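Let me begin by presenting the structure, written as structure tokens, before commenting on it.
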There are 2 protein chains.
Amino acid sequence: MGKADVFLEHADAIGRGLRDIGRAAKESGVSVKMIRHYEAIGLLKKVTRTYANYRVYRDGDVHTLRFIKRARTLGFPMEDIRELLALWQNKSRPSASVKKIAGGHMQGLKRRILEMQSMVATLEHLTHNCHGDGRPDCPILDDLAGPGKPGTLR
Amino acid sequence: MGKADVFLEHADAIGRGLRDIGRAAKESGVSVKMIRHYEAIGLLKKVTRTYANYRVYRDGDVHTLRFIKRARTLGFPMEDIRELLALWQNKSRPSASVKKIAGGHMQGLKRRILEMQSMVATLEHLTHNCHGDGRPDCPILDDLAGPGKPGTLR
DNA sequence: CTTGACCCTGCCACCGTGGGAACCCTGAGG
DNA sequence: CCTCAGGGTTCCCACGGTGGCAGGGTCAAG
């Protein structure tokens, strides 16, 4: 029966670890759109096709998709994920490499958190002093209008 | 002397509240590129031009640019800034409108901060358990590889 | 007249995601 | 057989903001 590596009959592809892109999307939590995108940018290797040119996904592919999904959920950028995938697939990787990537990403996250917290602090202060009624006086607008140096958080 | 409203001689434009885009950029902290962009999307009204088609900025324009810059620094998205600018220019605005926009923005910031903090917490935990040496064992990759439900922070 | 520092417009890129058009394929029901 | 729904396929466009570059015009100083 046509369980060949390269091209498949559609009917052979049902069940036992073979599924079309829609099912792979449901199982992995990655949208159909994104699965194709990941393949296009080489994050996911090209999958087998049926004779009708349908993509066919095996268990391993879905596993990889879940890996990517999880990494995205943790905020890793694509470039990091590319490296993490390579390390994952390389059984003899040094865990230090992985840790370094994760550490770098964490640093970036922390920096952005600090930035946003500083924004929130300023906004809290401004809205606290704004009565927020029908009158036009508004310290928020006053702050935005200057005259502090531009680009600084006051 | 040619201090007309619509078109200006270049030489007339120097000094006294009139400057070209480069100077406006330096004074406002907004890049030349972005100044043009803000004008293109209607955030900044079209400015006067010299006969040679150079943009000419007045004090008020630079003031507006600083307003935008400050709002960007506080993380407001363009759409919010558009509204804030309108309110700023409307002397009889109710401060409640401003407060509402700021509050909505703050909520978004806080939500994103929480998301990122949750990412950091997970990553801290994972990297803490990863020895980060030459050996391949790595809880970070193990986590990414599942088998938890995709799309959740564990 | 030349040079260097500006300015102008317009197009492309990033990242990650979604939307949609135009088309092909499959399976089920009349 | 034909039709119809519900997939799949490719390709292009959009977003928010920002930067870069190409190919031109202009201005002041030497």
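Below, chains carry the letters A, B, ... as their sequence lines are ordered, and counting in each starts from 1. This one's a predicted model, so the numbers in the text were calculated from it and none came from an experiment.
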Comparing nearest nucleotides in DNA chain D, the 5'-proximal residue of the pair A:Ile21, B:Arg72 is A:Ile21

[X] has an atom [atom1]; how far is it from atom [atom2] of [N], in whole Å?
X	N	atom1	atom2	value
B:Asp20	D:dA28	CG	P	11 Å
A:Lys46	D:dT10	NZ	P	9 Å
B:Arg82	D:dG17	CZ	P	11 Å
A:Glu79	C:dG16	CD	P	8 Å
B:Asp80	D:dG16	CG	P	12 Å
B:Tyr54	D:dC27	OH	C1'	6 Å
B:Ile68	D:dG16	CD1	C1'	15 Å
B:Arg23	C:dC6	CZ	P	9 Å

Quick one: are [X] and [Y] in side-chain contact, heavy atoms under 4.5 Å?
X	Y	answer
A:Tyr54	A:Ile21	no
A:Val56	A:Arg49	no
A:Leu126	B:Lys99	no
B:Arg70	B:Phe76	no
A:Phe67	A:Leu85	yes

- Query: For the side chain of A:Tyr38 and the base of C:dG16, is some donor closer than 3.5 Å to an acceptor across the two?
  - Reply: no

Quiz item: So, does the side chain of A:Lys33 form a donor-acceptor pair with the base of C:dG20 at under 3.5 Å?
Solution: yes

Would you indicate, yes or no, if [N] has its OP1 or OP2 atom less than 4.0 angstrom from a side-chain nitrogen or oxygen of [X]?
X	N	value
A:Arg49	D:dT10	yes
B:Arg55	C:dT9	yes
B:Thr50	D:dT26	no

Side-chain atoms of B:Arg36 come closest, of C:dT9, C:dG16, C:dT26, to C:dT9

Using a heavy-atom cut-off of 4.0 Å across all strands, would you classify B:Met34 as base, sugar-phosphate, or nothing?
base

